[in-house]
Amino acid sequence: STGEVMGISHTFGDAFARASLSAGTILPESGTVYISVNDNDKLNAIPIARDFYELDFNITASSGTARELRRNGIPAESVFKVGEGRPNVVDGIKNGEIHLVINTPLGKQSRFDEEAIGRATIQKGIPVITTLSGAQAAVRAIRSKRKLTVKALQEYHL
């Protein structure tokens, strides 16, 4: 999209939630998040996955990511990638079982999965986050979204 939106608030999470809503991205407040991160991102994804778990989200993940999450005390169900078998992540998206995707692809096979995931999420209106910083911002926004209130712009600049 080439449009611009603004989210203004006293906290980053609030501002990100408002900007997301303005851009037409509705972050879920519950449900299942699918996480598939490249090897370089696995350790840094653990606190993000823990945050989603603490927000009562179910966690599904690619086999390598699920293994790392479980090793660190986060319950995660393993789901096939697109080329690994069925049912896979795209089946879960199409069946309404996945409500948010965090995917940090790296490499040729990951790009194939990214394209298939992208097509399915667009069709179902499911948000996709492709960076860990974006995933952390989404966690903060979901926490804030639970208590969003509307204010006039002037109320922020008194």
Side-chain angles (χ1 to χ4, degrees), residues 7 9-21 23-148:
S9 187
H10 294 291
T11 68
F12 176 75
D14 241 13
F16 192 84
R18 292 170 193 278
S20 296
L21 284 170
T25 301
I26 299 173
L27 295 170
E29 294 183 45
S30 63
T32 300
V33 59
Y34 172 77
I35 304 173
S36 179
V37 296
N38 67 63
D39 289 340
N40 298 329
D41 288 342
K42 283 199 182 3
L43 289 179
N44 293 323
I46 293 166
I48 294 167
R50 185 170 290 120
D51 287 342
F52 276 106
Y53 180 69
E54 289 172 358
L55 287 168
D56 292 326
F57 278 81
N58 297 314
I59 310 287
T60 61
S62 58
S63 59
T65 300
R67 186 172 38 256
E68 191 64 40
L69 295 177
R70 287 191 299 264
R71 189 177 6 231
N72 285 276
I74 302 163
E77 180 185 341
S78 186
V79 176
F80 287 130
K81 290 182 179 180
V82 177
E84 295 177 336
R86 308 236 16 212
N88 59 43
V89 59
V90 170
D91 295 324
I93 292 166
K94 288 180 177 180
N95 293 334
E97 299 163 356
I98 295 173
H99 306 97
L100 176 67
V101 173
I102 298 169
N103 183 32
T104 64
L106 184 65
K108 192 178 284 189
Q109 180 60 38
S110 293
R111 293 292 174 203
F112 174 75
D113 289 342
E114 180 185 27
E115 289 176 12
I117 290 168
R119 281 191 300 275
T121 55
I122 288 169
Q123 290 172 348
K124 294 300 253 182
I126 296 171
V128 178
I129 301 167
T130 58
T131 64
L132 293 183
S133 58
Q136 185 58 50
V139 166
R140 292 170 72 177
I142 290 166
R143 278 195 183 114
S144 292
K145 200 170 133 183
R146 294 179 175 184
K147 54 187 179 268
L148 274 182

Exercise for the section: With T121 as reference, evaluate N103, V101, V89, V90 under the side chain to side chain contact (heavy atoms under 4.5 Å, CB included) test and give the passing residue. Expected result: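 Result for side chain to side chain contact (heavy atoms under 4.5 Å, CB included) with T121: V101.
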Exercise for the section: For residues P28 and P127, determine if any side-chain heavy atom of one lies less than 4.5 Å from a side-chain heavy atom of the other. Expected result: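 In short, these two side chains touch, coming nearer than 4.5 Å.
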Practice task
Taking the side chain as every heavy atom from C-beta outward, state whether V128 and E114 have any pair of such atoms under 4.5 Å apart.
Solution key: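 Side chain of V128 against side chain of E114, heavy atoms only: no contact under 4.5 Å found.
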What's the separation between atom [atom1] in [X] and atom [atom2] in [Y], rounded to the nearest 0.5 Å?
{"X": "S78", "Y": "R70", "atom1": "OG", "atom2": "CZ", "value": "5.5 Å"}
{"X": "N38", "Y": "T65", "atom1": "CG", "atom2": "OG1", "value": "8.5 Å"}
{"X": "F57", "Y": "I142", "atom1": "CZ", "atom2": "CD1", "value": "4.0 Å"}
{"X": "R67", "Y": "K42", "atom1": "CZ", "atom2": "NZ", "value": "8.0 Å"}
{"X": "I93", "Y": "L100", "atom1": "CD1", "atom2": "CG", "value": "10.0 Å"}
{"X": "T60", "Y": "I98", "atom1": "OG1", "atom2": "CD1", "value": "4.5 Å"}

Exercise for the section: Could you go through the side-chain contact (heavy atoms from CB on, under 4.5 Å) check for V82 and E115 one step at a time? Expected result: CA-CA 10 Å; V82 177; E115 289 176 12; over 6 Å; no
Practice task
Begin with the C-alpha distance, continue with both residues' side-chain angles, and end with the deciding distance and a verdict on side-chain contact (heavy atoms from CB on, under 4.5 Å) for N72 and R50.
Solution key: CA-CA 9 Å; N72 285 276; R50 185 170 290 120; 4.3 Å; yes
Problem - Presence of salt bridge, K94 and D91, under 4.0 angstrom - result: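 Salt bridge: no.
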Which atoms form the tightest heavy-atom contact between [X] and [Y], and what is the distance?
{"X": "L69", "Y": "A61", "answer": "CD1-CB, 4.3 Å"}
{"X": "R143", "Y": "D51", "answer": "NH2-OD1, 3.4 Å"}
{"X": "S36", "Y": "K81", "answer": "OG-CE, 4.0 Å"}
{"X": "A135", "Y": "I48", "answer": "CB-CG2, 3.9 Å"}
{"X": "I59", "Y": "P75", "answer": "CB-O, 3.5 Å"}
{"X": "F16", "Y": "A137", "answer": "CD2-O, 3.6 Å"}

Problem - side chain to side chain donor-acceptor pair (under 3.5 Å) partner of T104, chosen from N40, T131, D41 - result: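 Per the side chain to side chain donor-acceptor pair (under 3.5 Å) rule, the option paired with T104 is D41, out of N40, T131, D41.
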Handout entry: Test side-chain contact (heavy atoms from CB on, under 4.5 Å) applied to F80 and S63, step by step
Key = CA-CA 7 Å; F80 287 130; S63 59; over 6 Å; no
Exercise for the section: Determine, step by step, whether E68 and L43 satisfy the side-chain contact (heavy atoms from CB on, under 4.5 Å) criterion, reporting the C-alpha distance in whole Å, the side-chain angles of both residues, the deciding distance to 0.1 Å, and the verdict. Expected result: CA-CA 8 Å; E68 191 64 40; L43 289 179; 3.8 Å; yes
